[in-house]
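The next block holds one structure in the form of structure tokens; read it before the comments.
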Amino acid sequence: MSQTIFTPFSEQDLLPKEEVLEVVRKSKKFSIGIPKETCLNERRTCITPDAVQVLTDAGHDIIIESGAGKGSFFTDLQYAEAGAKITKDAAEAFAQDLVLKINPPTEDEIDLLKAHSYLISALQINLRDKAYFEKLAEKKVNAIAFEFILDEYGQRSLVRLIGEIAGTASVLYAAELLALSNGLMLSGITGVRPTEVVIIGAGIVGEFATKAAIGLGASVRIFDNSLSKLRRLHTLVDSRVPTSIIDPKELQKSLRRADVVIGCLPRFCAAPLVTEDMVLKMKKGSVIIDLTIDNGKVIETSELTTLEDPYVVKHGIIHCAVPNLTSRIPRTTTKAISNFFLSYILNYDEEGGFENYLLKSNEMKQSLYMYKGRHVKKMICDKFGLPYHDIHLLLF
């Protein structure tokens, strides 16, 4: 006699079934605004049409103000075909989750930002004042500066990228100005002594300026206060260039012989290294290019110039202090910056968005100078007398 076993499960319930795995929901995609640049005759932009194509395929909305790519020789049609929305209203471009700019927004443009959005642009701290940061704080935005962006190795990769272009461009432009001022050619010619180039700063900008000047056949001398940077550069150029710590007497001797002086050592909250008295003793018709005018000038007699009026003459010396000198070669610079931001934004996608990445990335925290309207970069707060907030305390 068969015995019936009671079970609460049906035969179908007891059959093996496919395992159901939890599907992690991807972070919400965000909209990216690219306004047209309005300051310093800026010709660069942050994103190329090719980058727009990749970002739109990844699910992001790209809103570009009409004409934003014109200076870099990219048309509205190219951006539209890549998937961007073209708008004639600057306010629409500024009203997105993430705003990408080359130059910092003007005070009028700050009014167009929406609260808690992300702003990524250069800061050019030497051209800002306290009122600027206070106005930006009123909008409760999260602001990231090109100058502070760190990669996973703790390196300022975007600064390096732009510095490579700036170093090379500074020497090429100096060659133009030298020919204009006294008819000298920067490159060496058989039977004619090479021109003398003094480079103050052995960082990335100084490195590429040195390579460009040597490539043209000039005689180069480099000054810096960092022995490790001097040693590194000395090795990179096969010991062909004399280097020196910044000794005022030694620097003055070199400046007297110099045809071109390139200043590329930021002097944040520090006095210029080249005094007006040193400039007075330089050869008439020589050229000074001060690349750090927006982060503290190297030469005392430098003053801010623009691409439209790129130089002034003081004491018989041509002075160029254009903060966006790489805008003279806008298409190359735009492509380089765009490559950086494409990987930068896609990386945040993989990490679950800006807010998620901010919680676990120290590099992201260091890149911010404002978080939800609070000042989180101590060097800025010290310079302008602003209230400082530790970003780590704001997040926990």
Side-chain angles (χ1 to χ4, degrees), residues 40-44 71 73 162-201 205-223 237 240-242 251-265 274 276 278-293 297-333:
L40 300 171
N41 308 108
E42 184 59 68
R43 300 169 189 164
R44 302 167 295 176
F73 304 95
I162 298 174
E164 292 175 5
I165 302 170
T168 303
S170 66
V171 172
L172 297 177
Y173 189 47
E176 291 182 34
L177 294 178
L178 193 61
L180 177 69
S181 65
N182 57 21
L184 283 177
M185 187 162 66
L186 189 65
S187 58
I189 296 296
T190 304
V192 179
R193 74 163 184 86
T195 50
E196 305 252 352
V197 177
V198 171
I199 297 174
I200 304 172
V205 180
E207 173 191 332
F208 280 80
T210 299
K211 290 177 178 177
I214 291 173
L216 289 174
S219 175
V220 183
R221 183 159 191 180
I222 306 162
F223 289 83
V237 296
R240 289 176 289 169
V241 175
L251 178 59
Q252 184 162 299
K253 287 179 186 177
S254 295
L255 291 174
R256 285 179 177 179
R257 296 191 297 268
D259 299 293
V260 172
V261 176
I262 308 288
C264 46
L265 185 64
V274 178
E276 185 168 10
M278 291 179 180
V279 173
L280 282 166
K281 293 173 182 175
M282 289 176 62
K283 293 187 294 189
K284 304 304 178 188
S286 53
V287 173
I288 288 173
I289 296 189
D290 197 337
L291 291 171
T292 65
I293 189 68
K297 57 188 179 182
V298 177
I299 292 90
E300 186 179 6
T301 48
S302 295
E303 63 178 61
L304 183 69
T305 57
T306 66
L307 289 172
E308 194 171 47
D309 296 301
Y311 63 87
V312 294
V313 179
K314 290 185 177 180
H315 309 306
I317 313 296
I318 289 184
H319 289 65
C320 172
V322 178
N324 56 334
L325 189 65
T326 58
S327 196
R328 283 178 52 83
I329 39 177
R331 192 176 178 95
T332 295
T333 309

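Numbering starts at 1 and runs along the sequence shown.
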* How far apart are the C-alpha atoms of K314 and V279, what are their side-chain angles, what is the distance that settles it, and do they pass the side chain to side chain contact (heavy atoms under 4.5 Å, CB included) test? -> CA-CA 9 Å; K314 290 185 177 180; V279 173; over 6 Å; no
* To do: Given side chain to side chain donor-acceptor pair (under 3.5 Å), test E276 with T301 step by step and report yes or no.
  => CA-CA 6 Å; E276 185 168 10; T301 48; over 6 Å; no
* To do: Any chance you could lay out the side chain to side chain donor-acceptor pair (under 3.5 Å) test for D259 and T195, step after step, and finish with the verdict?
  => CA-CA 6 Å; D259 299 293; T195 50; 4.9 Å; no
* **Derivation and outcome, side chain to side chain donor-acceptor pair (under 3.5 Å), residues N324 and T326** => CA-CA 5 Å; N324 56 334; T326 58; over 6 Å; no
* **Residues V260, I289; criterion side chain to side chain contact (heavy atoms under 4.5 Å, CB included); working and verdict** => CA-CA 8 Å; V260 172; I289 296 189; 5.7 Å; no
* Quick one: do L255 and V274 satisfy side chain to side chain contact (heavy atoms under 4.5 Å, CB included)? Show the steps, please. => CA-CA 9 Å; L255 291 174; V274 178; 3.8 Å; yes
* With side chain to side chain contact (heavy atoms under 4.5 Å, CB included) as the test, would you mind laying out the steps for I262 and L291 before giving the verdict? => CA-CA 7 Å; I262 308 288; L291 291 171; 4.0 Å; yes
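Here the closest heavy-atom approach between residue A321 and residue E303 is recorded as CB-O, 3.2 Å. The two atoms that bring S181 and G285 nearest to each other are OG-O, 2.6 Å, heavy atoms only. Shown here for L307 and P310, the closest heavy-atom pair between the two residues is O-CD, 3.8 Å. I293 and V322 get closest at one heavy-atom pair: CG2-C, 4.4 Å. Across all non-hydrogen atoms, the minimal contact from V197 to A218 is CG2-CB, 3.8 Å. What you find for I329 and A169 is that their closest heavy atoms are CD1-CB, 4.1 Å.
The closest side-chain heavy-atom distance from C264 to I199 is below 4.5 Å. Residues T292 and D290 form a side-chain contact, since some pair of their non-hydrogen atoms from C-beta on lies under 4.5 Å apart. For the pair V261 and I200, the minimum side-chain heavy-atom distance is below 4.5 Å. Looking at N41 and S327, their side chains never come closer than 4.5 Å, going by heavy atoms from C-beta outward. The closest side-chain heavy-atom distance from I288 to M282 is below 4.5 Å. Within the 4.5 Å cutoff, no side-chain heavy atoms of I165 are placed close to those of I162.
Only one option out of R257, K253, E196 pairs with R221 in a side-chain contact (heavy atoms from CB on, under 4.5 Å); it is R257. The side-chain contact (heavy atoms from CB on, under 4.5 Å) with Y311 is formed by just one residue from the set I317, T305, L177, V287; it is L177.
Rounded to the nearest 0.5 angstrom, R44 CZ and R331 CZ are separated by 16.0 Å. Once rounded to the nearest 0.5 Å, the distance linking CZ of R256 with CE of M278 reads 10.0 Å. One finds the OH atom of Y173 at 5.0 Å from the SG atom of C320 (value rounded to the nearest 0.5 Å). L178 contributes atom CG, which lies 8.0 Å from atom CD1 of I318 (distance to the nearest 0.5 angstrom).
At a threshold of 4.0 Å, the pair R328-E176 counts as salt-bridged, since one of the basic side-chain nitrogens sits closer than that to a carboxylate oxygen.
Side-chain N or O atoms of T333 include none that pairs as donor or acceptor with a backbone N or O of P330 at under 3.5 Å.
Heavy-atom contacts from other residues, nucleotides or ligands closer than 6.0 Å to NZ of K283 number more than 12.
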